[in-house]
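Hydrogens, waters and symmetry mates are skipped; everything else that's a heavy atom, side chains included, is used. We count residues from 1, following the sequence as given. Quantities reported herein were computed from a predicted structural model and do not represent experimental measurements.
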Amino acid sequence: MVKASVVICTMSYPEKVMEGLHRQTFQDFEILWAKEKGIVHSMNKALSRARGEIFVRLDDDVDLPERWLEHLLKPFSEAIVAGVTGPTYVPKQRRCNRDSIR
């Protein structure tokens, strides 16, 4: 079993995201694709294939610092933690189209 299953929601091949994942300091993860239309159905299909202890959802337009996954998974070392979220790494020019509060 791998530590994390990283699911990328996309309809294409996100080169920048893949480069960011390959540069991660934490490497005990698998990559799954959620490419079907309809995000709920697509994510549920990916979840059914996941082998990781932790399920991570990732958009296809983010910039990933090399320690992103390491820092994201760290809180799970405490039994009380069931889920986490991180800061946005969406490029600044694309943030104006997002509303992460609603």
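Residue Val62 is grouped with residue Ile31 when hydrophobic side chains (ILVMFWY) are merged at heavy-atom distances under 4.5 angstrom, including chains of intermediate members. Residue Ile80 is not grouped with residue Phe55 when hydrophobic side chains (ILVMFWY) are merged at heavy-atom distances under 4.5 angstrom, including chains of intermediate members.
For the pair Ile8/Pro14, a side-chain contact is recorded, criterion being any heavy-atom separation below 4.5 Å from C-beta on. For the pair Leu58 and Val17, the minimum side-chain heavy-atom distance is below 4.5 Å.
In terms of the side chain to side chain contact (heavy atoms under 4.5 Å, CB included) criterion, residue partners of Arg51 (sequence neighbours excluded) are, by chain and number, Val2, Glu30.
Of the options Val84, Val7, Leu69, a side chain to side chain contact (heavy atoms under 4.5 Å, CB included) to Val56 is made by Leu69 and by none of the others.
Rounding to the nearest 0.5 Å places OG of Ser42 at 12.0 Å from NZ of Lys37. Atom-to-atom distance recorded for Asp60:CG and Cys9:SG is 8.0 Å, nearest 0.5 angstrom. Within the model, atoms CD of Gln24 and CG of Leu64 stand 5.5 Å from one another, a figure rounded to the nearest 0.5 Å. Interatomic distance, OG1 of Thr10 versus CE of Met18, reported as 10.5 Å (0.5 Å rounding). Within the model, atoms CZ of Arg23 and CH2 of Trp68 stand 12.0 Å from one another, a figure rounded to the nearest 0.5 Å.
Under the 4.0 Å criterion applied to side-chain N and carboxylate O atoms, Glu70 and Arg67 are assigned as salt-bridge partners.
Sequence neighbours left out, the pairs with a member in residues 1-52 that pass ring pair (Phe, Tyr, Trp, His ring centres under 6.0 Å) are Tyr13-Trp33. Within the structure, side chain to side chain donor-acceptor pair (under 3.5 Å) pairs that include any residue of residues 72-83 do not occur (at least two apart or interchain).
The closest donor-acceptor contact from the side chain of Ser5 to the backbone of Ala50 lies at 3.5 Å or more, if one exists at all. In this structure, the side chain of Glu36 does not engage the main chain of Met43 through any donor-acceptor pair within 3.5 Å. No donor-acceptor pair under 3.5 Å is formed between the side chain of Glu53 and the backbone N or O of Ala4.
Closest approach of Gln27 to Leu21, counting heavy atoms only: NE2-O, 3.3 Å.
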- Query: Passes side-chain hydrogen bond (donor to acceptor under 3.5 Å, both in side chains), Glu66 versus Thr25? Steps please.
  - Reply: CA-CA 6 Å; Glu66 65 184 24; Thr25 54; over 6 Å; no
